[in-house]
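In what follows, a structure is listed as structure tokens, so that the remarks can point back to it.
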Protein chains: 2
Amino acid sequence: MAKLDKRSEIVRAAVQIIADQGFHGSPMAMIAERAGVAAGTIYCYFESKDILIKELYREIEGKLLEALRVGYQTERPIRERFLHLGINFLKYFVAHPLESKYMEQFHNSPYGVDLRRGRFAKEFKDDDLLYLELFEQGVAQQVIKDLPTILLFALAFGPVITLTRDHILGFIELDDALIEKTIAACWDGIKR
Amino acid sequence: MAKLDKRSEIVRAAVQIIADQGFHGSPMAMIAERAGVAAGTIYCYFESKDILIKELYREIEGKLLEALRVGYQTERPIRERFLHLGINFLKYFVAHPLESKYMEQFHNSPYGVDLRRGRFAKEFKDDDLLYLELFEQGVAQQVIKDLPTILLFALAFGPVITLTRDHILGFIELDDALIEKTIAACWDGIKR
DNA sequence: CCACATTGAATGACCATTCATTCAATTCCA
DNA sequence: TGGAATTGAATGAATGGTCATTCAATGTGG
């Protein structure tokens, strides 16, 4: 069925272009051209550019979540689980630069604000829950500092986000050893 | 002299509007209106929108650097200096939401990428140098983890950036106590 | 009266979205 | 089965809106 084919060509093209030009540098006409379809065709699959952008995010987020869950065991100690998630997180982004750049664009835009607003309103996504649960248990077990969850998020994710950016821009080569050291340092930041 | 007056009205208006609408949501015509001048007048003071944006950044950065230097003493221990800088950093942003939002917009845009590219090319700014020196000394004295400087930056600034954002969006109220705890946690992340 | 500051309408680009039209594939019917 | 009718995916030129920037005209302080 050519229908799915075109859709996925559009998705591929859109992620590629948006990842390195940003939303404003990615006219629908350009996406269409890269996908090998006409401008109007995109609207057969996505109501608007806005909806296309959100849909791409959902697909990428899904794949990331999958990567995070691989080998994740709820019964392991807090620290090990934290390291597992953090390391998988960074490794996923290093292995998937396009997706990584896309998420970066998404988060640093009004879309990202909406996302955060949703979290603030307790509309958590699956990956939020993974961390939320971890932090709550960690605080209860007194292995993690007793700070507001949002602050723990900042301490745990802030360095990862910043570092991912530096990696994307080619400022640092992240190999497995460095990734592990980084996440270990993040743990030092939140552990009691 | 009305000339300086108009210039600073333009600056004020531009920072206000860009801070909460972003660069794309801030047409020159709107900035002009808020400043009480005609659209063309802006071009008497700034060659282009691009130059206006960079100039605003320079002015804000200057004020931030000033705030960081107040009470900073090179002869104090590494940890104390780190806490001093980090705490002043966060306090400045909490006290100056407009500047804070403007910097956020700036960093999350192609301008921010240029900035980072400059750092990567060793074109450091004064505030970079402040931290750079601190990290180098800390590593030499074996009180800070022996990691690449860029990674130390990420560990130290990542949480601050993330948290500033959350504060801007009203997701957390940062009082002095919380600020101190946050920076202390960042220190835990980089200390040996 | 002049040099200079200011004005704001006009210009030219750029872009998301629309929609009349095309046409290949499918359905229908004799 | 063969040919006509129907469908709806795909197209891409046209539309309408937004904006940065320009510049001829106007205002003004010295």
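By convention in this document, chain letters (A, B, ...) are assigned in the order of the sequence lines, proteins followed by strands, and residues within each chain are numbered from 1.
Dense packing is recorded around CD of B/E80, with more than 12 heavy atoms of other residues, nucleotides or ligands lying under 6.0 Å away.
You'll find that the side chain of B/K6 is closest to C/dT7, out of D/dA20, C/dT7, D/dT11. Here C/dT17 is the nucleotide among C/dT17, C/dG8, D/dT11 with the atom lying nearest to any side-chain atom of A/S48. The side chain of A/Y45 lies closest to D/dA9, out of D/dT11, D/dT21, D/dA9. Distance from the side chain of A/M28 is smallest for C/dT17 among the nucleotides C/dT7, D/dT22, C/dT17. Of the listed nucleotides (D/dG12, C/dT18, C/dT7), D/dG12 has the atom at the smallest distance from the side chain of A/A38. Out of D/dA10, D/dT21, C/dT17, the shortest distance to the side chain of B/K49 is found at D/dT21.
The side chain to side chain contact (heavy atoms under 4.5 Å, CB included) test applied to A/F106 returns A/F23, A/I53, A/Y57, A/Y102, A/Y111, not counting sequence neighbours.
With rounding to whole Å, B/I42 atom CD1 is found 12 Å from C/dG8 atom C1'. One interatomic measurement links the two molecules: CE of A/M30 to P of D/dG12, which rounds to 18 Å at whole-angstrom precision. One interatomic measurement links the two molecules: CZ of B/F46 to P of C/dT6, which rounds to 12 Å at whole-angstrom precision. The interatomic distance linking B/D50 (CG) with D/dC19 (P) rounds to 17 Å, in whole Å. Atom-to-atom, OH of A/Y43 to P of C/dA16 comes out at 7 Å; the value is rounded to the nearest Å. A straight line from CD of B/E33 to C1' of D/dT18 spans 16 Å, rounded to a whole angstrom. Rounding to whole angstrom units, CD1 of residue B/I10 and P of D/dT21 are separated by 14 Å. A/Q21 has its CD atom 15 Å from the C1' atom of C/dC15, to the nearest Å.
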All N/O donor-acceptor pairs, side-chain side in residues 136-155 of chain A, below 3.5 Å, sequence neighbours left out:
residue	atom	partner	partner atom	Å
A/Q137	OE1	A/R81	NH2	2.5
A/K145	NZ	A/G189	O	2.6
A/K145	NZ	A/K191	O	3.2
A/K145	NZ	B/D188	OD2	2.8

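B/A35 and B/E9 get closest at one heavy-atom pair: CB-O, 3.6 Å.
With rounding to the nearest 0.5 Å, the separation of CD1 in B/I179 from CZ in B/F93 is 11.5 Å. Atom OG1 of A/T41 is separated from atom CE of A/M28 by 10.5 Å, given to the nearest 0.5 angstrom.
Between A/H96 and A/Y92, the distance separating the two ring centers is shorter than 6.0 angstrom.
Helix bend of the helix from C/dC1-D/dG30 to C/dA30-D/dT1: the angle between its two end axes, each built from five pairs, comes to 20° after rounding to 10°.
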